[in-house]
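Some notes on the structure that comes next.
Everything numeric here is computed off the predicted structure, so don't read it as measured data.
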Amino acid sequence: MQTAPINPDDPRGVTALVSLVFLGFCLVRLNIPSTPYFDEVHYLPAAREMFGEWMWKNREHPMLGKQLLALGMAIFGDNAWGWRIMPVLFGTLAVFAGTRAMWHARGSAFASIAFGILLATGFHLFVHARIAMLDIFMVAFFAVALWQCAAAIHQPETGRWRLAIAGIALGLAMGSKWNVLLLAALPGIGFFAGRLMAGRRRLFTSRRGSPVPGISLLEAALLLGALPLFVYWLTFWPAYLAPFQPLEPGGFVAYHREVLDLQASVTQPHPYQSNWPQWVANWRAIWYLYEPIDGAQRGIMLIGNPATMLLGLPALAWAAWSGIMHRRWDALALVVMYLVSVGMWAVVNKPIQFYYHYLLPSCFLLGALALLLDDLRNLGGFWRWLAWGTLALSAGMFAWFYPILSAAELEGPRSFAFWMWTDSWR
C-alpha cells in the first residue's frame with residue numbers, strides 16, 4: 001500500500017502548542033507543597049521501596065504507575081520535583097494523544113484543537129498531572145491507545161503497527177490502574193463489531209472490510225487482546241524479583257483475588273466520598289490540600305470545570321442521537337466509553353468511591369462537547385461564535401479557579417469561600 005499523504009489541514013502543530021502551554025501551567029509551583037499531600041502519602045513510600053530495600057508495598061494497585069514515580073525520583077531526586085515530574089509529562093502526553101485521536105476519528109482541525117483546549121482547561125487532567133497518583137498514567141496510556149486505533153482506521157496502510165502500539169498501550173494502562181479494565185476491552189470488541197457488520201464470508205481470516213482493511217480478525221485478536229494481557233503481566237515482572245514477599249510463580253491469579261478483596265474491604269465512611277450521580281452533576285468536590293504550608297495558606301481542589309462539565313451532558317445526549325440516527329461512529333464511541341466508564345462504578349464491589357474516579361469519563365464527555373462545538377461552528381453565524389465562546393468560557397473558568405487548582409498563595413484561612421459556588425464543594 002502507498003503511504004498516506006500528509007494532510008495540510010492536520011493541526012498537529014497547534015495541538016502540540018496547546019499541550020506545551022498545558023505543560024507550562026502545570027510546572028508553575030509544581031514543588032508546592034514541598035511535602036507529600038493527599039494520596040501521595042500512599043504511593044510515594046511504595047515508589048521509594050522500588051529503588052530502596054525493594055519491599056513490595058501498596059499491593060491493592062498494579063505496579064507500573066509506582067515504577068514511573070520511582071523513575072522520576074531516581075532522575076530528579078526524592079523531592080517534590082522528582083515526585084511529580086512524571087505525572088506532568090504523562091498529563092501533557094494525554095492532552096496531545098487525545099487531540100491526535102480526535103483528528104484521526106473526526107478529521108476536523110477545529111474539533112482536535114477544541115478537544116485539546118477542553119482537556120487542558122477541564123480541571124481534572126490539570127490537577128492529576130500535578131500530583132503523584134496513578135490515575136494520570138492510566139489516562140495517558142489509554143489516550144495513546146485510542147490515538148493509534150483511530151489512526152489505524154483513518155490510515156489502514158499503517159494499521160498493523162498502529163494496532164500493535166495500541167495493544168501495548170492498553171496493557172500499560174491496565175498496569176497503571178484497574179479503572180480502565182472494561183474500557184481496555186472496547187477496541188477489540190469494536191473491531192469485531194466492525195468486521196461483523198462488514199459481512200465478510202471468512203469472518204476470522206478475511207483481511208477485507210472495516211474497520212481496518214488489511215488486518216484479519218485473528219490478527220486483531222492478537223494485537224488488541226493477547227498482546228495487552230501479555231504486556232499487563234509483564235509490568236509485574238519486578239514483583240517476581242522482589243527480595244521480600246515476591247510474587248510466586250503461579251500466584252498471579254491469586255494476587256488478583258487478593259486485590260479484589262482489598263478493594264472491597266474499605267468500608268469506613270470518608271468525608272469526601274461520593275457516588276456517580278454526584279460526579280455527573282459536578283456536585284461533590286475533594287480538597288486535596290487546604291492548609292498553611294510553604295509560608296502561606298494554600299489549596300488544591302478537585303472539581304470539574306463548572307461550565308464544560310454541565311455543557312457536556314447535553315453534548316453527550318446529542319452524540320448519542322447523532323451516533324444512532326446518523327451513524328456518527330466517532331460520537332457513538334465517545335458515548336459508549338462514557339457510559340461504560342461511569343456505569344462500572346454503579347455495579348463494582350467498591351463501597352467507598354471518590355470523585356477522582358470520574359477522571360476518565362470526564363475526558364469522553366469533553367470529547368462529545370468538542371464534536372458538538374465542531375458541528376455548531378460549521379453552521380456559521382451565531383453558532384460559530386457560540387462554539388468559540390464556549391472554548392473561551394472554559395479557559396476563563398480555568399483562569400478563575402487557577403489559584404485553588406495550583407496551590408497559589410491565598411489571603412487567609414477563609415479564602416476558599418470565594419470559589420464555593422455551592423455548599424457541596426466545601
Side-chain angles (χ1 to χ4, degrees), residues 38-47 50 56-72 83-84 86-91 93-94 97-98 124-125 127-146 166-187 228-229 231-239 247 252 255-266 276 279 286 288 302 337-338 340-345 347-364:
F38 198 61
D39 278 1
E40 287 185 339
V41 299
H42 302 301
Y43 302 126
L44 290 178
M50 291 187 174
W56 184 18
K57 293 183 177 181
N58 189 245
R59 295 191 177 214
E60 61 267 34
H61 293 293
M63 300 187 67
L64 180 60
K66 289 163 283 189
Q67 294 175 55
L68 292 171
L69 293 177
L71 177 61
W83 306 335
R84 299 169 192 147
M86 297 304 286
V88 167
L89 296 178
F90 275 82
L93 173 62
H124 282 272
L125 210 61
V127 170
H128 284 101
R130 291 170 40 85
I131 186 171
M133 292 173 62
L134 311 180
D135 306 70
I136 197 67
F137 303 122
M138 169 191 69
V139 171
F141 284 125
F142 190 67
V144 169
L146 293 181
I168 293 170
L170 289 172
L172 296 176
M174 293 188 292
S176 299
K177 201 168 185 181
W178 275 14
N179 295 18
V180 78
L181 286 181
L182 294 182
L183 288 168
L186 292 183
L229 291 175
V231 171
Y232 171 70
W233 171 80
L234 204 60
T235 63
F236 285 89
W237 186 251
L247 186 60
F252 193 57
Y255 161 75
H256 285 74
R257 288 196 293 265
E258 178 187 350
V259 170
L260 291 173
D261 291 340
L262 287 171
Q263 294 289 342
S265 66
V266 181
W276 69 266
W279 308 342
I286 300 179
Y288 282 9
L302 176 67
M337 288 188 290
Y338 179 84
V340 169
S341 57
V342 171
M344 65 170 284
W345 295 106
V347 298
V348 71
N349 186 22
K350 186 174 175 62
I352 306 300
Q353 301 174 11
F354 298 95
Y355 184 54
Y356 52 73
H357 294 142
Y358 197 59
L359 172 58
L360 259 175
S362 74
C363 296
F364 307 135

Give, for atom [atom1] of [X] and atom [atom2] of [Y], the distance between the pair rounded to the nearest 0.5 Å.
{"X": "F141", "Y": "I168", "atom1": "CZ", "atom2": "CD1", "value": "11.0 Å"}
{"X": "L68", "Y": "I136", "atom1": "CG", "atom2": "CD1", "value": "12.0 Å"}
{"X": "R84", "Y": "L44", "atom1": "CZ", "atom2": "CG", "value": "8.0 Å"}
{"X": "W233", "Y": "L247", "atom1": "CH2", "atom2": "CG", "value": "9.5 Å"}
{"X": "Y288", "Y": "D39", "atom1": "OH", "atom2": "CG", "value": "7.0 Å"}
{"X": "L134", "Y": "L69", "atom1": "CG", "atom2": "CG", "value": "6.5 Å"}

**Request:** Test W178 against V259 for side-chain contact (heavy atoms from CB on, under 4.5 Å), laying out the working first.
**Result:** CA-CA 10 Å; W178 275 14; V259 170; 3.6 Å; yes
**Prompt:** Using the ring of each side chain (for Trp, its six-membered ring), is F236 parallel, tilted or perpendicular to H256, with breaks at 30° and 60°?
**Reply:**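 Tilted, since the angle between the ring planes falls between 30° and 60°.
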**Request:** Using modelled atom types only, decide if a donor and an acceptor are shared between the side chain of Q67 and the backbone of T235 within a distance under 3.5 Å.
**Result:**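 Side chain of Q67 to backbone of T235: a pair is present.
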**Asked** Donor-acceptor pair, K177 side chain versus M133 backbone, under 3.5 Å?
**Response**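 No, because the side chain of K177 does not come within donor-acceptor range (under 3.5 Å) of the backbone of M133.
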Ignoring hydrogens, what is the shortest heavy-atom contact between [X] and [Y]? Give both atom names and the distance.
{"X": "K66", "Y": "A46", "answer": "CD-CB, 3.7 Å"}
{"X": "V139", "Y": "C363", "answer": "CG1-SG, 4.3 Å"}
{"X": "F142", "Y": "A173", "answer": "N-CB, 3.9 Å"}
{"X": "P45", "Y": "E40", "answer": "CD-O, 3.7 Å"}
{"X": "S176", "Y": "P62", "answer": "O-CD, 4.2 Å"}
{"X": "F38", "Y": "V41", "answer": "O-CG2, 3.1 Å"}

**Item:** Pairing residues for Y355 by the side-chain hydrogen bond (donor to acceptor under 3.5 Å, both in side chains) criterion, not counting sequence neighbours
**Value:**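 Partners of Y355 under the side-chain hydrogen bond (donor to acceptor under 3.5 Å, both in side chains) test: H124, N282.
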**Prompt:** Do other residues, nucleotides or ligands put more than 12 heavy atoms under 6.0 Å from the CH2 atom of W276?
**Reply:**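 Not more than 12 within 6.0 Å, no.
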Test item: [X] and [Y] side chains (from C-beta on) under 4.5 Å apart, heavy atoms:
{"X": "P228", "Y": "M174", "result": "yes"}
{"X": "L302", "Y": "Y356", "result": "yes"}
{"X": "M337", "Y": "L146", "result": "yes"}

**Request:** Quick one: list whatever passes side-chain contact (heavy atoms from CB on, under 4.5 Å) with L71, sequence neighbours left out.
**Result:**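 By the side-chain contact (heavy atoms from CB on, under 4.5 Å) rule, L71 matches I75, M86.
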**Request:** Check side-chain contact (heavy atoms from CB on, under 4.5 Å) between P361 and all other residues, then give those that pass, not counting sequence neighbours.
**Result:**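 So P361 forms a side-chain contact (heavy atoms from CB on, under 4.5 Å) with Y338, S341, V342, Y358.
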**Request:** Evaluate the criterion side-chain contact (heavy atoms from CB on, under 4.5 Å) for residue pair H42 and H61; output intermediate values, then yes/no.
**Result:** CA-CA 11 Å; H42 302 301; H61 293 293; over 6 Å; no
**Message:** Using the rule given for side-chain contact (heavy atoms from CB on, under 4.5 Å), can you reason through L172 versus F137, listing the C-alpha separation, both sets of side-chain angles and the distance that settles it, and then say yes or no?
**Reply:** CA-CA 9 Å; L172 296 176; F137 303 122; over 6 Å; no
